[in-house]
Every structure is written in C-alpha cells, then in structure tokens.
Visitor: 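Provided herewith is a single structure, encoded as structure tokens, for subsequent inquiry.
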Amino acid sequence: MPPMSLPPMSLPPMSLSTPFPSAHTAPLHECFISLGSNIDPDHNFVQALEIISRECVLLACSKAIRTAPVGYQQQPDFLNAALLVSTPLEREAFRAYLKGLEDRLGRVRGAIKSGPRTMDLDIIAWDGEVIDDGYFHHSYVRKPVDEVLSSSGRRLEPQKRS
C-alpha cells in the first residue's frame, strides 16, 4: 500500500486558551514525536493532528507509512508518522501531556505491551538530541523522522550518556 499523505495544515501558534504556559514567558523546546496507530488509524491520525495543532506549534509532519506489527503479530498493521513540534513545556511535562493525549484518543494499556492501540505518541528527540533508541533500531520510527529532518533542515545528535 502506498504511503498515506497527511493533509497539509495551516498551523496557528498556541492560543491563550491552551493549558500551556505562554510562549512569551517560557523558552520553546523542539520535539520529534513518533505516532503509531492500528485501531482505526486514519481517524485517530486526523484526531491527533487536529489536537496537536491546536495545543502545540506543529512545525513539520511526515507522510504516514503502513508497517507490520513488531512483537505481538496477531493484530492489524500500523500507520506510523513523525511530527516536529515546539512547546514551552519541559520534557517530562510534555511526555505526560502526550500520554494524556493518548488517553483522550481512547488508548487502553493492556497486558500486551506491543498490542493494538488507538494512538502511541513517543518523544524521539528533544532539542536536537535523540532520546529514544527506537530511532536507531526501528525503521518505522527512523524513516518518518528522517523525512521530517530532511524537509525541516534539522539535524539530530546521538543521546548523551551521563
């Protein structure tokens, strides 16, 4: 199946009605997010993009690709993509925001970690640094992120080890 093109979006900056600090008072962080869904993925991708566009500053979006499941195989294929956003939130607060967004989109965390899901949102890179090794090990993460890197002119550095 050919890659699905996500609709181009005109993206307004965050409004004062969002639950985030004002961009004028907090430094902005750039974040690469990996998206994945295999439960009604076309609908859930549109929903996730609409919400993220309202609540964050969406800078770039890859095309969506269909991929076979990894781990647990008795489930539908996934739709995967990557986003580049900016946010005034710190990394852990933004991670909590993404997990809350998964919940808002109907995510149920079951006994099978790699099982079906309405939406999976993971931080892959933060302020130009890869923080999720999935980027190096899974093409369904790397390919969409690399597409956004190419289109946005950004570069990523490997994770710094403490």
Side-chain angles (χ1 to χ4, degrees), residues 3-38 41 44-67 70-71 78-105 107 113-114 117-162:
M4 178 183 124
S5 291
L6 296 175
M9 305 183 85
S10 174
L11 306 168
M14 292 175 11
S15 72
L16 296 177
S17 64
T18 63
F20 300 105
S22 167
H24 300 290
T25 61
L28 292 178
H29 300 281
E30 284 195 354
C31 177
F32 281 85
I33 304 168
S34 176
L35 291 80
S37 174
N38 70 343
N44 286 311
F45 261 63
V46 169
Q47 293 294 108
L49 283 170
E50 287 176 357
I51 293 168
I52 290 170
S53 294
R54 277 194 316 267
E55 298 178 350
C56 301
V57 178
L58 181 55
L59 302 172
C61 180
S62 73
K63 291 183 181 105
I65 58 172
R66 279 205 196 272
T67 60
V70 172
F78 278 81
L79 200 57
N80 295 97
L83 306 177
L84 174 60
V85 303
S86 66
T87 177
L89 295 177
E90 294 301 320
R91 184 164 66 188
E92 288 310 311
F94 192 69
R95 186 182 318 275
Y97 161 74
L98 292 177
K99 296 309 160 196
L101 178 51
E102 290 175 352
D103 294 342
R104 289 162 58 191
L105 292 168
R107 170 93 185 251
K113 183 176 178 350
S114 62
R117 71 245 1 243
T118 55
M119 185 55 62
D120 188 26
L121 300 165
D122 294 310
I123 298 174
I124 303 303
W126 187 261
D127 287 338
E129 180 184 341
V130 175
I131 63 166
D132 186 323
D133 285 341
Y135 175 76
F136 300 109
H137 300 294
H138 302 293
S139 63
Y140 65 86
V141 173
R142 185 177 51 258
K143 285 180 181 179
V145 169
D146 286 351
E147 180 185 330
V148 172
L149 286 168
S150 177
S151 69
S152 68
R154 306 298 200 281
R155 291 184 31 211
L156 294 179
E157 299 295 327
Q159 182 174 9
K160 296 177 182 92
R161 303 288 177 189
S162 341

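FYI, the numbering just counts along the sequence from 1. Heavy atoms only: backbone and side chains are in, while hydrogens, waters and symmetry mates are out. What you see is a predicted model, and the numbers here were worked out from it, not measured in a lab.
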Visitor: CZ of Phe32 to CG of Leu83: how many Å apart, nearest 0.5 Å?
Guide: 10.0 Å

Visitor: If you define the side chain from C-beta out and look only at heavy atoms, does anything of Val130 sit under 4.5 Å from Pro158?
Guide: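 Side chain of Val130 against side chain of Pro158, heavy atoms only: no contact under 4.5 Å found.
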
Visitor: Can you sort out the partners of Arg95 under side-chain hydrogen bond (donor to acceptor under 3.5 Å, both in side chains), two or more places apart, ordered by chain and number?
Guide: Glu92

Visitor: Using 0.5 Å steps for rounding, measure from the SG atom of Cys31 to the CG atom of Leu98.
Guide: 6.5 Å

Visitor: What pairs with Asn44 under side-chain hydrogen bond (donor to acceptor under 3.5 Å, both in side chains), at least two apart in sequence or on another chain?
Guide: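 Once residues adjacent in sequence are excluded, Asn44 has no partner under the side-chain hydrogen bond (donor to acceptor under 3.5 Å, both in side chains) criterion.
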
Visitor: side-chain contact (heavy atoms from CB on, under 4.5 Å), that's the test. Do Val141 and Asp132 meet it? Break it down for me.
Guide: CA-CA 10 Å; Val141 173; Asp132 186 323; over 6 Å; no

Visitor: As an exercise, state the distance from CG of Leu105 to CG of Leu121, rounded to the nearest 0.5 Å.
Guide: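 Between atom CG of Leu105 and atom CG of Leu121 there are 7.0 Å.
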
Visitor: Rounded to the nearest 0.5 Å, what separation is found between the OG atom of Ser37 and the CG atom of Leu79?
Guide: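 Atom-to-atom, Ser37:OG and Leu79:CG are 7.0 Å apart.
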
Visitor: Can you list every side-chain hydrogen bond (donor to acceptor under 3.5 Å, both in side chains) pair that touches residues 144-154, not counting sequence neighbours?
Guide: Glu30-Arg154, Tyr135-Asp146

Visitor: Between Ile33 and Phe94, is any pair of side-chain heavy atoms under 4.5 Å apart?
Guide: yes

Visitor: Identify the heavy atoms of Gly36 and Asn80 that sit nearest to each other, and give their distance.
Guide: CA-ND2, 3.6 Å

Visitor: If every non-hydrogen atom of Leu28 is compared with every non-hydrogen atom of Pro88, which pair is closest and at what distance?
Guide: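 It is CD2-N, 3.6 Å.
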
Visitor: Is there a side-chain contact between Val148 and Leu59 (heavy atoms, below 4.5 Å)?
Guide: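 With C-beta onward as the side chain, the pair stays apart.
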
Visitor: For Asp122, which residues count as a side-chain hydrogen bond (donor to acceptor under 3.5 Å, both in side chains) partner, sequence neighbours excluded?
Guide: Lys99

Visitor: Please list, chain by chain and in numerical order, all residues satisfying side-chain hydrogen bond (donor to acceptor under 3.5 Å, both in side chains) with His138, sequence neighbours excluded.
Guide: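 Testing His138 for side-chain hydrogen bond (donor to acceptor under 3.5 Å, both in side chains), a comparison that skips the adjacent residues, returns none.
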
Visitor: Between Ile124 and Leu156, is any pair of side-chain heavy atoms under 4.5 Å apart?
Guide: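 Ile124 vs Leu156: side chains apart.
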
Visitor: Does any non-hydrogen side-chain atom of Thr87 lie less than 4.5 Å from one of Tyr97?
Guide: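 No. Closest side-chain heavy atoms not under 4.5 Å.
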
Visitor: Specify the closest pair of heavy atoms between His29 and Asp127, including all atoms of both residues, with the distance to one decimal.
Guide: ND1-OD2, 2.7 Å

Visitor: Using a 4.5 Å cut-off on heavy atoms from C-beta on, say whether the side chain of Arg155 contacts that of Leu149.
Guide: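 Result no, sub-4.5 Å side-chain heavy-atom pair not found.
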
Visitor: So do Arg66 and Pro41 actually touch side chain to side chain, heavy atoms under 4.5 Å?
Guide: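 Pro41 reaches Arg66 side chain to side chain.
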
Visitor: For the residue pair Trp126 and Glu90, what are the closest heavy atoms and their distance?
Guide: CZ2-C, 3.8 Å

Visitor: Are Phe78 and Asp120 close enough that some pair of their side-chain heavy atoms sits under 4.5 Å apart?
Guide: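 No, side chains not in contact.
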
Visitor: Quick check for you: to the nearest 0.5 Å, what is the distance between Leu35 atom CG and Ile52 atom CD1?
Guide: 5.5 Å

Visitor: Please report the interatomic distance CZ(Arg104) to CE(Met119), rounded to the nearest 0.5 Å.
Guide: 12.5 Å

Visitor: For Ala82 and Val145, work out which heavy atoms get closest and say how close.
Guide: CB-N, 3.6 Å

Visitor: Provide the closest heavy-atom pair for Ala64 versus Phe45 in the form atom of the first, atom of the second, distance.
Guide: CB-CE2, 4.2 Å

Visitor: What residues, two or more places apart in sequence or in another chain, satisfy salt bridge (Lys or Arg N to Asp or Glu O under 4.0 Å) together with Arg91?
Guide: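 Partners of Arg91 by the salt bridge (Lys or Arg N to Asp or Glu O under 4.0 Å) criterion come out as none, since no residue qualifies.
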
